[in-house]
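Reviewing the structure listed below.
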Amino acid sequence: MEITSATPPGPPPPRKTSRAGDRIFLGLSRGSGILLLVIMAAIAVFLTVRAAGALSKNEGDFFTTFEWAANSTPPKFGIAVLAFGTVVSSLIAMLIAVPVAIGIALFISHYAPRRLAAPLSYVIDLLAAVPSIVYGLWGALFLVPHLGGLYTWLNDYFGWTGIFAYQGGAARSLFTIGILLAIMILPIVTSVSREVFLQAPKMHEEAALALGATRWEVIRMSVLPFGRSGVISASMLGLGRALGETMAVATVLSPSFTIGKSLLDPGGGTFAQNIASSFKESGEIGKDALIASGLVLFVLTLLVNGAARLIIARRKEYTA
């Protein structure tokens, strides 16, 4: 008698079902992504076409000229001062805001008691929604008059470097703009970083505590490595706002097309501030010239976001 062992039947193969809701959702998602790319391309084409007319009539070098006389005959304008002011003020804002934001986010997520963490989180989220013109008015009426002491201190101890030399006068400089932008982007960077730190695996933290690690060692070994990509993303969000901030900068800064040796010298300018202050009085060529500067800011923003994506993509643990 031959005995054969019959293999138990396996699970039935899954049926390929396509519900109408899934198809609609897929189509809407795909269409939204395509629409976003089309809008970005349309913006780039519009800026390029309008900028080409002004650049063809420009008598100066667009990248190195320290002058903006787009309404004169012949027009002569350049973005050297605007590019310098935009980049420098944004870097100052990032150097001030990012470390403070990380510290606040860690305090709320891992140090503060729950009764204190909830109100602090609410206040930070509320500050992120304050309009920029409110920050600008506060900066012009309160921040500028009270920065004289800080400027004097910087001149006394670091004036020998030349970067922080102060000759007196109103504190309407790129350094003041950097401080104001840091205050503006601080809530955004803090909110995103806080949410990322709260998502750190609790098992990793508990394991580190069980091995005798202190609270700071837990944060250094478990929380910060996990949230590094989120902090980078939050910083890029803040940098994007700092690069394109308009009303607050236009309210505080004393614009001039000069680049001072010191960050405390009044004057300078940014792309967004120049567009806001010059657009109303500009003629046809002047408006096209402002659009050309806007195209540079558009490209600069894309490069910053692309660089952030490359930094995150280089680490496999970020993209997992």
Atom pairs and distances, donor-acceptor, side-chain atoms in residues 97-109, under 3.5 Å, two or more places apart:
residue : atom : partner : partner atom : Å
Ser109  : OG   : Ala105  : O            : 2.8
Ser109  : OG   : Leu106  : O            : 3.4

Report summary line: For Val45, the other hydrophobic cluster members (4.5 Å side-chain criterion, sorted by chain and number) are Val49
Query - Verdict with reasoning, Phe197 to Ile219, per side-chain contact (heavy atoms from CB on, under 4.5 Å) - result: CA-CA 9 Å; Phe197 292 153; Ile219 292 174; over 6 Å; no
Query - Close side-chain approach of Asn274 and Phe257, heavy atoms under 4.5 Å - result: yes
Query - N/O donor-acceptor pair under 3.5 Å between Ser89 side chain and Gly178 backbone - result: no
Query raised in the report: With hydrophobic residues grouped by side-chain heavy-atom distances under 4.5 Å, do Val144 and Leu147 end up in a single group?
Result: yes
Query raised in the report: When clusters are formed by joining ILVMFWY residues with side-chain heavy atoms under 4.5 Å apart, either directly or through shared neighbours, do Tyr111 and Tyr122 land in the same one?
Result: no
Query raised in the report: Which ILVMFWY residues can you reach from Trp160 by hopping between side chains whose heavy atoms are under 4.5 Å apart?
Result: none
Query raised in the report: What pairs with Ile183 under side-chain contact (heavy atoms from CB on, under 4.5 Å), at least two apart in sequence or on another chain?
Result: Tyr135, Trp138, Ile179
Report task. Of all the heavy-atom pairs spanning Ala165 and Asp265, show the shortest one and how long it is. Result -> O-OD1, 4.1 Å
Report summary line: Between Arg241 and Ala128, the two heavy atoms sitting closest are NH1-O, 4.0 Å
**Report entry** Test side-chain contact (heavy atoms from CB on, under 4.5 Å) applied to Ser72 and Glu59, step by step
**Finding:** CA-CA 10 Å; Ser72 61; Glu59 293 295 324; over 6 Å; no
Query - Close side-chain approach of Ile79 to Phe63, heavy-atom, < 4.5 Å - result: yes
Query - Atom pair CD/CG of Glu67 and Asp61 - distance to nearest 0.5 Å - result: 12.5 Å
Query raised in the report: Should Leu95 and Leu186 be regarded as members of a common hydrophobic cluster, given that ILVMFWY residues are connected when their side-chain heavy atoms come within less than 4.5 Å of each other, either directly or indirectly?
Result: no
Report task. Report the distance from atom CD1 of Ile188 to atom OG of Ser193, rounding to the nearest 0.5 Å. Result -> 11.5 Å
Query raised in the report: Excluding sequence neighbours, so at least two apart, what forms ring-ring contact (aromatic ring centres under 6.0 Å, His included) with Phe298?
Result: none
**Report entry** Beyond-backbone contact of Phe84 with Leu174, side-chain heavy atoms, under 4.5 angstrom
**Finding:** yes
Report task. Please test Asp125 against Arg194 for side-chain contact (heavy atoms from CB on, under 4.5 Å), starting from the C-alpha separation and ending with a verdict. Result -> CA-CA 11 Å; Asp125 293 339; Arg194 179 198 66 212; 3.6 Å; yes
Query raised in the report: In Å and rounded to the nearest 0.5 Å, what is the CD1 to CD1 distance from Ile96 to Ile185?
Result: 9.0 Å
Query raised in the report: Is there a path from Phe271 to Ile291 through hydrophobic residues (I, L, V, M, F, W, Y) whose side chains come within less than 4.5 Å of each other?
Result: no
Requested in this report: Show your working on side-chain contact (heavy atoms from CB on, under 4.5 Å) between Leu263 and Val88 and close with a plain yes or no.
Outcome: CA-CA 9 Å; Leu263 294 176; Val88 169; 3.6 Å; yes
N/O donor-acceptor pairs under 3.5 Å from side chains in residues 36-43, not counting sequence neighbours:
none

Report task. Flag the pair Arg50 and Glu284 as a salt bridge only when some basic side-chain nitrogen lies within less than 4.0 angstrom of an acidic carboxylate oxygen. Result -> yes
Report task. Report yes if the side chains of Pro225 and Arg228 come closer than 4.5 Å at any heavy-atom pair, otherwise no. Result -> yes
Query raised in the report: Same hydrophobic cluster for Ile285 and Phe62, using side-chain heavy-atom links shorter than 4.5 Å among ILVMFWY?
Result: no
Query raised in the report: Going by the angle between their ring planes, with limits at 30° and 60°, are Trp68 and Phe77 parallel, tilted or perpendicular?
Result: tilted
Report task. Look up atom OG in Ser262 and atom CG in Leu154, then write down how far apart they are to the nearest 0.5 Å. Result -> 9.0 Å
Query raised in the report: To the nearest 0.5 Å, how far apart are CD in Gln167 and CG in Asn155?
Result: 7.0 Å
